[in-house]
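Beneath this line is the structure, given in structure tokens, with notes to follow.
Every number for a ligand or one of its atoms is a count from 1 in the order of the listing.
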Amino acid sequence: MKIFSGSSNKLLAEKIAKELKLDLFPLGIHIFPDNEKRVRVVDKVVDEDTVVVQSASPKPDENYMELFFIIDALKRSGAKSVTAVIPYLGYQRQDHVFRDGEAVSLEVIIKTLEAVGMDKLITLDLHSVKIPKLFSVPVAHLSALPIFARKVKELFPRLFNDAILVSPDMGGIRRIQILSELLNIPYVSIVKDRDLTTGDIKSTEIESKFSDWKKGIKKAIIVDDMISTGRTIVAAIELLTRNGIRENFVFATHPVFSNDFKNILQDSSAQKIFVTDTIEVEKEKMFDKLGVLTISKVIADELRILVTSN
Ligand code: R5P
């Protein structure tokens with residue numbers, strides 16, 4: 001198996017290769033003065049199973065174009081298979097038509113990835129569990145939840161009777177149920193409204209099947225698939241605080257981090273915010289409350305299965 005990396009998250013690609021005790025193979029990526037790119041596979045890949053790691057953030061369009069070219073180049077160079085590791089699958093939130101006249105951007109991305117020759121996709125914590133069904137090729141949908149569970153246990157070795165797990169919107173209910181089983185902590189879910197035109201977020205109420213969930217509860221462990229502007233998290237924290245929660249710990253798989261996220265999150269009353277390295281967090285995006293956990297082993301373990309099954 002030969003592993004390659006696009007430009008978006010080389011650090012993660014290196015960590016995955018290291019886990020597998022493999023070298024990362026170089027690609028020739030040349031940027032022309034007008035910003036077009038030329039991608040070239042330098043090493044021989046004839047009859048090889050190949051893997052390319054490329055996250056779709058930041059700069060989703062650029063990163064996707066580069067990935068399309070890499071897959072095309074690998075296939076034209078004779079690779080037996082191309083597995084794309086797209087730790088954060090950009091455009092996943094546009095997976096159906098929300099309002100008349102919209103494009104289904106995710107479908108366009110899927111059609112292109114398959115047209116250029118992707119044989120398998122490895123990705124993490126998709127926004128909707130229905131997304132893998134939109135692909136014709138096999139999809140390994142992995143999760144950072146076991147890593148979050150481990151971190152929670154490490155932070156609070158003797159919790160758990162004063163903590164509640166929180167999904168900041170109803171879409172995250174499946175995730176929070178899985179974590180609830182892993183940690184044996186009850187959960188609640190927040191009802192969130194987002195204005196599709198302005199993007200404004202309102203967290204309106206807390207729903208729970210545990211009627212007395214507030215009893216003795218001081219800590220919230222909020223879990224989401226991604227943080228973009230940070231407004232979902234802050235709206236959740238404000239609602240929880242109004243309901244008697246004193247400490248908030250946040251876990252989100254994908255640090256999409258956009259707009260004024262840094263000030264919003266650093267100034268929030270969260271104690272700590274953990275994300276993973278599905279998207280590289282550059283130095284200028286770091287802030288004191290942020291912790292980054294690596295998902296390289298989760299991906300490497302999946303790639304090991306690929307090696308043994310071929
Ligand atoms: C949306 O439903 C997702 O699960 C996230 O909650 C959302 O994308 C986060 O976006 P933001 O940080 O901009 O509120």
Side chains of [X] and [Y]: donor-acceptor distance under 3.5 Å anywhere?
| X | Y | result |
| --- | --- | --- |
| Ser143 | Asp125 | yes |
| Asp277 | Tyr88 | no |
| Lys192 | Thr204 | no |
| Glu66 | Ser7 | yes |
| Gln54 | Ser8 | yes |
| Thr294 | Ser296 | yes |

Output the list of atoms in ligand 1 that are nearer than 4.0 Å to some heavy atom of [X], sorted by atom number.
| X | answer |
| --- | --- |
| Arg231 | 12 (O), 14 (O) |
| Ile201 | 14 (O) |
| Met226 | 5 (C), 8 (O), 9 (C) |
| Lys192 | 1 (C), 2 (O), 6 (O) |

Distance under 6.0 Å and angle within 45° of the ring axis: does Lys2 meet both against Phe25?
yes

Single-linkage hydrophobic cluster, 4.5 Å side-chain cutoff, Ile245 and Ile233 together:
yes

Applying a heavy-atom cut-off of 4.0 Å, say which part of [X] lies close to ligand 1: side chain, backbone, both or neither.
| X | value |
| --- | --- |
| Asp224 | side chain |
| Asp169 | side chain |
| Ile233 | neither |

Consider every N or O of Arg175 and every N or O of ligand 1, then say whether any pair is closer than 3.5 Å.
no

Who gets closest to atom 13 (O) of ligand 1 by heavy atom: Ile264, Ile227, Thr229, Leu265?
Thr229

Kindly assign one of parallel, tilted or perpendicular to the pair Phe261 and Phe257, based on the angle between their ring planes and the thresholds 30° and 60°.
parallel

Does some non-hydrogen atom of Gly172 fall short of 4.0 Å from ligand 1?
no

Heavy atom of the protein closest to [atom] (residue, atom name, distance):
| atom | answer |
| --- | --- |
| atom 8 (O) of ligand 1 | Arg93 NH1, 3.0 Å |
| atom 3 (C) of ligand 1 | Asp225 OD1, 3.4 Å |
| atom 10 (O) of ligand 1 | Arg194 NH2, 3.3 Å |
| atom 14 (O) of ligand 1 | Thr232 OG1, 2.5 Å |

